Amino acid sequence: MSKIPRWIYYKQIFRSKFQAGCVKAKIEDNWINGYEVGPLVEIKKLRTDKYVVRYTYDETV
């Protein structure tokens, strides 16, 4: 039985998907050469046509 992942939302809302993508890349780059498994990062579009970045460390996704 799979658990629902616990998402951590970045503290800022972005006007464009490009801005959110830059933050997503920055979060992913912090773990490239690390010893830990990196987070799963994704961009969600809000109803107001703005974007938010969220990530999780849960491996059940």
Side-chain angles (χ1 to χ4, degrees):
M1 184 167 176
S2 65
K3 292 180 4 183
I4 297 174
R6 293 172 293 154
W7 292 101
I8 302 167
Y9 286 85
Y10 193 74
K11 62 184 175 185
Q12 190 172 359
I13 296 174
F14 302 98
R15 288 185 178 181
S16 71
K17 193 170 184 178
F18 174 76
Q19 291 173 328
C22 290
V23 172
K24 178 183 180 219
K26 187 170 185 111
I27 292 172
E28 290 174 338
D29 284 347
N30 285 337
W31 280 272
I32 284 179
N33 294 323
Y35 295 103
E36 301 174 359
V37 175
L40 174 67
V41 186
E42 64 180 37
I43 299 170
K44 289 271 301 181
K45 185 175 182 179
L46 303 176
R47 282 186 243 156
T48 59
D49 290 335
K50 294 184 180 176
Y51 298 90
V52 67
V53 177
R54 69 182 189 172
Y55 57 96
T56 184
Y57 292 99
D58 295 343
E59 295 181 7
T60 60
V61 176

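From a predicted model like this one, the values you see are computed outputs, not experimental measurements. Residue indices begin at 1 and follow the sequence shown.
Between P5 and W7 there is a side-chain heavy-atom pair separated by less than 4.5 Å. Y55 places none of its side-chain heavy atoms less than 4.5 Å from the side chain of E28.
Every residue was checked against the side-chain hydrogen bond (donor to acceptor under 3.5 Å, both in side chains) condition with Q12, not counting sequence neighbours, and none meets it.
Closest non-hydrogen pair, R54 versus E42, comes out as NH2-OE2, 2.5 Å.
A distance of 11.5 Å separates CD1 in I4 from OG1 in T56, rounded to the nearest 0.5 Å. Rounded to the nearest 0.5 Å, atoms NZ (K26) and OH (Y10) are 8.0 Å apart. Expressed to the nearest 0.5 Å, how far CZ of F14 lies from CD1 of I43 amounts to 9.0 Å.
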Per-pair distances, 0.1 Å, donor-acceptor, side chain in residues 46-53, under 3.5 Å, sequence neighbours excluded:
none

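Under the salt bridge (charged side-chain N to carboxylate O under 4.0 Å, His left out) criterion, the residue pairs touching residues 5-15 are R6-D58, with sequence neighbours excluded.
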